[in-house]
Chemist: 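Mind having a look at this structure? Questions to follow.
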Amino acid sequence: MSRPPLLSELIPRRNSTFLTIFSGGVLLILLLGGLFAISLRFAHLTTDGKLAALDLDSEGSIASWCSIVLLFMCGLTTMSVRRLRVAARCSLIESRLWLAVCLLWFTMSLDEGASLHEAFKEMIARITGTRILGDGSIYWAVPYFLLLSASGLFVLRAARGCPAAIAS
């Protein structure tokens, strides 16, 4: 290769590509919903009244696995965007911000798989002596909201100069 790849090469060129990605997402959602409906039909045959593998709310379910894979793929995409931006000679601050967004996606994937937020919630509730609202999920929900908002604003700002940044 004589030149480094451009970030704009990540953007699909044909509408059929966007339609395929959208259709795949809709089909996955419909499939998960259908599996959940089937699980409700056969849940009375189990001792706890639910099929955990098909339950949309259970940890370790097929839906949870899909979420883990999607978050991990977001991290990989952000890593490739960062790599291409570094090859295009971006500033050190921008490079570190892309790395932070990448680590956020990987952390969310790990959290979804290992339920780290549950342990964090219990630890903070024990340290502070109160759960504030409900079961104490506010202790991890607010930091996630702030971090995701900040990373989203960064990606939108980066997309002004480089539209392919939206891929992350």
Chemist: Measure across Asp111 and Leu116 and return the closest heavy-atom pair with its distance rounded to 0.1 Å.
Modeler: OD1-N, 2.9 Å
Chemist: Please give me the minimum heavy-atom distance between Val101 and Ser151, naming the atom from each residue.
Modeler: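 Nearest pair, atom of Val101 first, then Ser151: CG2-CB, 3.7 Å.
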Chemist: Of all the heavy-atom pairs spanning Phe106 and Gly75, show the shortest one and how long it is.
Modeler: CZ-C, 3.5 Å
Chemist: Under the criterion side chain to side chain contact (heavy atoms under 4.5 Å, CB included), I'd like the reasoning laid out for Leu32 against Phe36: C-alpha separation, chi angles, the key distance, then a yes or no.
Modeler: CA-CA 6 Å; Leu32 290 173; Phe36 179 67; over 6 Å; no
Chemist: Would you indicate whether Tyr144, at its atom OH, is surrounded by more than 12 heavy atoms from other residues, nucleotides or ligands within a distance under 6.0 Å?
Modeler: yes
Chemist: Kindly check if the number of other-residue, nucleotide or ligand heavy atoms within 6.0 Å of CD1 (Ile127) is above 12?
Modeler: yes
Chemist: Heavy-atom distance under 4.5 Å between the side chains of Leu71 and Ser67, does that happen here?
Modeler: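 Counting from C-beta outward, Leu71 and Ser67 do come under 4.5 Å.
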Chemist: A quick test of your reading: do over 12 heavy atoms of other residues, nucleotides or ligands sit less than 6.0 Å from CE of Met123?
Modeler: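 Atom CE in Met123 is packed in, count exceeds 12.
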Chemist: Could you tell me the separation between the CE atom of Met73 and the CE atom of Met79, rounded to the nearest 0.5 Å?
Modeler: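 Interatomic distance, Met73 CE to Met79 CE, rounded to 0.5 Å: 11.5 Å.
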Chemist: Got a second to check how far Ser64's OG is from Ile68's CD1, nearest 0.5 Å?
Modeler: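 Going from OG on Ser64 over to CD1 on Ile68, the span is 4.0 Å.
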Chemist: Look at the side-chain heavy atoms of Ile, Leu, Val, Met, Phe, Trp and Tyr, link any pair under 4.5 Å apart, and say whether Trp65 and Phe72 land in one connected group.
Modeler: yes
Chemist: If hydrophobic clusters are built from ILVMFWY residues whose side chains come within less than 4.5 Å, do Phe18 and Leu70 share one?
Modeler: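 Phe18 does not cluster with Leu70.
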Chemist: Hey, what do you get for CH2 (Trp98) to OG (Ser80), rounding to the nearest 0.5 Å?
Modeler: 9.5 Å
Chemist: Ignoring hydrogens, what is the shortest heavy-atom contact between Lys50 and Asp55? Give both atom names and the distance.
Modeler: CD-OD2, 3.5 Å
Chemist: So, the side chain of Thr20 versus the backbone of Ser16: is there a donor-acceptor pair under 3.5 Å, distance only?
Modeler: yes
Chemist: So, for Lys121 and Tyr139, which heavy atoms are closest and what is the spacing to 0.1 Å?
Modeler: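 Reported closest heavy-atom pair: O-CD1, 4.4 Å.
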Chemist: When you group the ILVMFWY residues by side-chain heavy-atom contacts below 4.5 Å and let the links chain together, are Leu146 and Phe154 in the same group?
Modeler: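 Same hydrophobic cluster.
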Chemist: Can you measure from CZ (Arg83) to CG (Leu76) and round to the nearest 0.5 angstrom?
Modeler: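 If we round to the nearest 0.5 Å, Arg83:CZ and Leu76:CG are 12.5 Å apart.
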Chemist: Write down the atom of Cys102, the atom of Thr78, and the distance for their closest heavy-atom approach.
Modeler: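 Residues Cys102 and Thr78, closest heavy atoms: N-CG2, 3.7 Å.
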Chemist: In Å, rounded to the nearest 0.5 Å, how long is the span from CH2 of Trp105 to CG of Leu110?
Modeler: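 Spacing of CH2 (Trp105) from CG (Leu110) equals 15.0 Å.
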Chemist: Would you please test Arg82 and Arg96 for side chain to side chain contact (heavy atoms under 4.5 Å, CB included) and show each step?
Modeler: CA-CA 9 Å; Arg82 178 185 182 269; Arg96 288 184 178 166; 5.9 Å; no
Chemist: State plainly whether one hydrophobic cluster holds both Ile21 and Leu19, where clusters connect Ile, Leu, Val, Met, Phe, Trp and Tyr through side-chain heavy atoms under 4.5 angstrom apart.
Modeler: no
Chemist: How far apart are the C-alpha atoms of Ser39 and Leu35, what are their side-chain angles, what is the distance that settles it, and do they pass the side chain to side chain contact (heavy atoms under 4.5 Å, CB included) test?
Modeler: CA-CA 6 Å; Ser39 77; Leu35 288 173; over 6 Å; no
Chemist: Quick one: pull up OG1 in Thr130 and CD1 in Ile138 and give me the separation to the nearest 0.5 Å.
Modeler: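 The distance works out to 12.0 Å.
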